[in-house]
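One is the number of the first residue; the rest follow in order along the sequence. Just so it is clear, the model here is predicted, and its values are computed rather than measured.
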Amino acid sequence: MVVGLIGGLAAVALKFLVHLMEDISRNISSHLPYHFIYVFLPALGILLTVVYIHLVNRDKIQRGIGNILVSIKRNRSNIKVNNVYSHLISSSLTVGFGGSSGLEAPIVCTGAAIGSNTGKFFKLSSYEKTLLLAAGTSAGIAAVFNSPIAGVLFSLELLIGEITIPTFIPLLIASATGVVVSKALYSKQLFHLVTEGWAMEALPFYILLGLLAGCTSVYISTVAGKLEKGIFVKQNRYVRAVAGGLLLGIIILLFPPLFGEGYYYLQQILNGNIQVITQQSLLNPWLHHPVAVLGFIALLVFMKIVAAGITIGAGGNGGTFAPTMFTGAFLGLFLAYGINLTGLVHLSTGNFIAVGMAGALSGVLHAPLTAIFLIAEITGGYVLFIPLMIVSAISYIMSRYFTPHNMYWHDLVHERNIHPDHDDDMLDAIAIDSVINTSYVAVNKNRSVKEFYKILSETQSNIFAVLDEGALDGVVLVDEVRRQLFLDDMENVTVADLMTVPPAIIDYGQSVNSVMRIFDQLDVWQLPVVKDGRFVGFISKSALLAKYREVFISQHKQADLFSH
């Protein structure tokens, strides 16, 4: 409840700041021909964000949901305390001045930081900090969208990776608390979906929308992944911010709905005012024919994620959650508007906008349950539940086929060797110190075999370290010794003749997860460990498996609220 309360307050503050700044920006632009101020406002917002992050925050901010996953996997769910407030300031500057990204990733990072630091304050375990981190995230998402179930499912699908009752209940409490705070202090929604019951004759078109959403999801993940890594990378951060902001401003002059999150224009088309998306564009004189409007909608589908990538790649703070929803909404509008132009059948544009959003979210995030329940809660009912299920499932399957990991996990898996498997979490919870056997027997390579046999008879070890002034020369395996035990000519044989080079040497700084992978790849049971070039002991696969079992039992006890 504490984490949910603080997370809800953070979401309210962020929504209020951004809506205030967007209203000011839109009022300024309304007094200028063709809204030319749009060229400069995004550049100003991104520049101010970069100045804040560089000079005030000192680059301590951890941006993006990917960094939260790294904190869970590699840093025992510890997030720096400055992330509690730095995302609120930087993202409101970026999005409030027209940066074409979303607030959901910053509020997720803020909620995660609130949960993590609450756990640190009370000196909780790594597992409990992870649960509080997820609770803060759930509260933030729930408060932004007034969607408590979607907030819970977001954390379960994207952060924790499994759905269990012991984790579900605390997240539900935090999420509900966040929504109560949001409704009490700032009940204004980002947008309101007006939908109606679905018709059987529209079913084939929902299937088509699912296929299109799956393809679009792959496009979003690919383009966003490349652009967010940086644009104008050879320039310094300030030049990059100004150049990227001006480029974004020019794009917004052509496509005004790309300004900010885009929810204002989304609400307008949901209200049936489709012409508003073209009225402020420099292309407006050529957009009076319905087919031209359809082409403009198609361009918006492709350009939103480009604009979002430029915003983040230039140094702005935001996420791709809102751009994904925007893209899915306009994809649904494109299909319904286009089919309606043919006159063959009439489709509800509101329904297809809503379902398109779910399809895009499901494909990009690989989180179909979050997508389904988020749209169902925003629409205030479950009249579209069947189309939501169909489109989300098809989009998810297509996206998973072409991109096995969602956009947050893709770089972590391929560039940082961090995997979403739950087994990896438990292995990473094991300290390598706890599985190193430091009670080893060391021998010199010049020692005779007869002397070595005497040592062998006095110990139970089946592997011996051959050392030279603390450095590892090799190992002697008892299995290898047995093969030569009854040879006649053993008079001049030394330990060096029995010594073998180990198939791998473990570095003391390696993660236990990577050690287990080495054991599996080489099919061995014991390996030497070195620290700063000096031998420290052996690590065995059997000891590792026994420790894994301990951690598994411990985590399940912690997860059970009634086991204490």
Side-chain angles (χ1 to χ4, degrees), residues 1 3-20 22-23 87-88 91-92 95 102-112 114-115 134-158 168 170-195 260-264 266-268 270-271 319 321-322 324-326 328-329 350-351 353-355 357-358 360-362 365 367 369-385 388 392:
M1 287 184 70
V3 170
L5 174 65
I6 303 172
L9 290 171
V12 167
L14 188 57
K15 282 199 294 183
F16 175 77
L17 281 172
V18 170
H19 284 154
L20 176 65
E22 280 188 341
D23 289 342
H87 288 282
L88 301 181
S91 62
S92 61
V95 181
L103 297 175
E104 292 75 18
I107 199 59
V108 164
C109 294
T110 301
I114 290 167
T137 296
S138 296
I141 288 290
V144 166
F145 291 106
N146 289 328
S147 307
I149 298 298
V152 172
L153 293 174
F154 179 90
S155 293
L156 291 173
E157 287 189 293
L158 270 76
F168 187 83
L171 298 188
L172 197 61
I173 293 170
S175 187
T177 305
V179 171
V180 170
V181 171
S182 178
K183 280 188 172 292
L185 299 180
Y186 192 75
S187 59
K188 182 179 177 182
Q189 287 186 267
L190 295 175
F191 55 88
H192 180 65
L193 287 171
V194 180
T195 57
E261 292 178 297
Y263 290 150
Y264 167 80
L266 181 54
Q267 187 63 63
Q268 293 297 314
L270 285 167
N271 294 339
F321 194 103
T324 297
M325 292 181 70
F326 180 99
N351 285 4
I353 288 169
V355 176
M357 293 166 72
L361 280 176
S362 176
L365 303 182
L369 290 176
T370 299
I372 292 168
F373 281 91
L374 177 64
I375 303 304
E377 288 183 293
I378 290 175
T379 56
Y382 295 91
V383 291
L384 288 180
F385 213 67
L388 286 171
S392 296

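Here Ile372 contributes atom CD1 and Leu361 contributes atom CG; the two are 11.0 Å apart, rounded to the nearest 0.5 Å. In this structure, Thr177 OG1 and Leu172 CG are separated by 9.0 Å, a value rounded to the nearest 0.5 Å. Note: Ile149 CD1 to Leu171 CG = 11.0 Å, rounded to the nearest 0.5 Å.
The backbone N or O of Leu103 sits nowhere less than 3.5 Å from a side-chain atom of Lys15 that would complete a donor-acceptor pair. Side chain of Ser362 to backbone of Ala358: no donor-acceptor contact under 3.5 angstrom is found. Judged by distance alone, the side chain of Glu377 and the main-chain N or O of Ala150 form a donor-acceptor pair under 3.5 Å. The backbone N or O of Leu388 lies less than 3.5 Å from a partner atom in the side chain of Ser392, making a donor-acceptor pair.
Contact annotation: the side chain of Phe321 approaches that of Phe154 to within less than 4.5 Å [non-hydrogen atoms, C-beta and beyond]. The shortest side-chain heavy-atom distance between Val355 and Ile375 does not fall under the 4.5 Å cut-off. Side-chain contact between Ser92 and Leu14: present, with at least one pair of heavy atoms (C-beta onward) separated by less than 4.5 Å. The shortest distance between side-chain heavy atoms of Leu374 and Leu153 does not fall below 4.5 Å. Between Ile378 and Ser147, the closest side-chain pair of non-hydrogen atoms falls below 4.5 Å.
Annotation for Pro106 and Gly319: closest pair CD-N, 4.1 Å, computed over non-hydrogen atoms. The two residues Leu384 and Ala354 make their nearest non-hydrogen contact at CD1-CB, 4.1 Å. In terms of heavy atoms, Ser175 sits closest to Gly151 at OG-CA, 4.2 Å. The shortest heavy-atom contact between Ala11 and Val144 is CB-CG2, 4.0 Å. Between Leu88 and Ile107, the closest heavy-atom pair is CD2-CD1, 4.4 Å. Nearest heavy-atom pair across Gly178 and Ala143 is O-CB, 3.5 Å.
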*Could you please spell out the steps behind the side chain to side chain contact (heavy atoms under 4.5 Å, CB included) verdict for Leu266 and Met325?*
CA-CA 10 Å; Leu266 181 54; Met325 292 181 70; 5.9 Å; no
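For Ala139, the side-chain contact (heavy atoms from CB on, under 4.5 Å) test picks out no residue, with sequence neighbours left out. Listed by chain and number, the residues in a side-chain hydrogen bond (donor to acceptor under 3.5 Å, both in side chains) with Ser155 are Ser138 (sequence neighbours excluded). Legend: residues meeting side-chain contact (heavy atoms from CB on, under 4.5 Å) with Ala367, ordered by chain and number and at least two apart, are Glu157, Leu158, Leu365, Thr370.
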